[in-house]
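Below, all heavy atoms of this structure are taken into account, side chains as well, without hydrogens, waters or symmetry copies. A note on names: the letters A, B, ... follow the listed sequences, proteins ahead of strands, and every chain is numbered from 1. All values reported here derive from a predicted model rather than from experimental measurement.
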2 protein chains.
Amino acid sequence: MARKAPLSDDALELVARRFAVLSEPMRLRLIQALFDGERSVGELVAATGGTQGNISRHLQTLTQAHVLARRKEGLQVYYSIADPSIFRLCELVCGSLEKSLTRQAGAFGA
Amino acid sequence: MARKAPLSDDALELVARRFAVLSEPMRLRLIQALFDGERSVGELVAATGGTQGNISRHLQTLTQAHVLARRKEGLQVYYSIADPSIFRLCELVCGSLEKSLTRQAGAFGA
DNA sequence: ACTATACATGCGCATATACGCATATGCTTG
DNA sequence: CAAGCATATGCGTATATGCGCATGTATAGT
């Protein structure tokens, strides 16, 4: 098939939803907190400073989007990053933003 | 500096906004239409099937986010992709989604 | 100067969603 | 079975934003 075939409406919707899931600071914070391994909800609440209910909801959103995986163990529920592409995504965006900000800063210095 | 230093609140906000800009199907459609070179607003309106006002607004959003660049030539305004990381971003998300969907489909077949 | 063309923008509405609060559910222990 | 802890969820509210519609602004041609 053609490498550059335009995406269908449904595909575009899916891609957009994917990006939307990553468009909340609190969810990015959660992802960041999971960068070096799985954590329980309680740990994530402590790490992010959010309320328990809100954190739980965000974790649900991320899990439904297959970004996170859920593992239940006794009373606790452990979440972890399920989609490794997340790492690259964050790297890319961070790199792009750094470049953008550096250039903005340079506009004053030069 | 540490490779894994957690991002500041401001940085997280910026990253989130970046993803948010990419979380609308119509904007993705515009980006897709610009994949092989710059186009005028009129061409983009025709290519996407959106209304002129709406398209213009989305183009503004994308330009303010430094995703697109704007070039005025006479009556027309030409937009083009300014941030090359967009290509990688879309590739990554599409690849991840394909994998996800394939696995879902496989869950029925197997 | 007037008109036409291409693009941008102000306004209002409808919808989506993040958050706080309270409460429900599930599991473990005594 | 009762009680307690960890997590999930229903509900209301405030805010954000995509869209349609109409209108404003800039540039080119006569």
Could you tell me whether the side chain of [X] and the main chain of [Y] form a donor-acceptor pair under 3.5 Å?
{"X": "A/S56", "Y": "A/Q52", "answer": "no"}
{"X": "A/S96", "Y": "A/L92", "answer": "no"}
{"X": "A/R39", "Y": "A/L30", "answer": "no"}
{"X": "B/S100", "Y": "B/L97", "answer": "no"}
{"X": "B/E43", "Y": "B/S40", "answer": "yes"}

Worksheet item: Whole-Å distance between C/dT17 P and A/Q64 CD?
Response: 12 Å
Worksheet item: Roughly how many Å is it from CG in B/L75 to C1' in C/dT3, rounded to a whole number?
Response: 12 Å
Discussion item. Which is more 5' along DNA chain C, the nucleotide nearest B/Q76 or the one nearest A/K72? Just name the residue.
Written reply: B/Q76
Worksheet, complete the sentence: Ranking A/G74 and B/Q60 by the position along DNA chain C of their nearest nucleotide, the one closer to 5' is B/Q60
Value rounded to 0.5 Å, distance of [atom1] in [X] from [atom2] in [Y]:
{"X": "B/E73", "Y": "B/Y78", "atom1": "CD", "atom2": "OH", "result": "5.5 Å"}
{"X": "A/D83", "Y": "B/K99", "atom1": "CG", "atom2": "NZ", "result": "7.5 Å"}
{"X": "B/I86", "Y": "B/I31", "atom1": "CD1", "atom2": "CD1", "result": "5.0 Å"}
{"X": "B/Q76", "Y": "B/R71", "atom1": "CD", "atom2": "CZ", "result": "10.0 Å"}

Response to the item:
Heavy-atom closest pair (B/A82 atom, B/L68 atom, distance to 0.1 Å) is CB-C, 3.6 Å
Fill in: chain B contact limits on DNA chain D, taken 5' to 3' with a cut-off of 4.0 angstrom to heavy atoms
D/dG18 to D/dA28
Worksheet entry | Selection: residues 46-58 of chain A, any non-hydrogen atom under 4.0 Å of DNA chain C | A/T51, A/N54, A/H58
Discussion item. Once you apply a heavy-atom cut-off of 4.0 Å, does B/Y79 come out as touching a base, just sugar-phosphate, or nothing?
Written reply: sugar-phosphate
Practice prompt. Decide side-chain hydrogen bond (donor to acceptor under 3.5 Å, both in side chains) for A/S8 and A/D10; before the verdict, give the C-alpha distance in whole Å, the side-chain angles of both, and the deciding distance to 0.1 Å.
Written response: CA-CA 5 Å; A/S8 70; A/D10 290 348; 5.3 Å; no
Worksheet entry | Strand contacts (DNA chain D) in residues 16-34 of chain A, 4.0 angstrom heavy-atom criterion | none
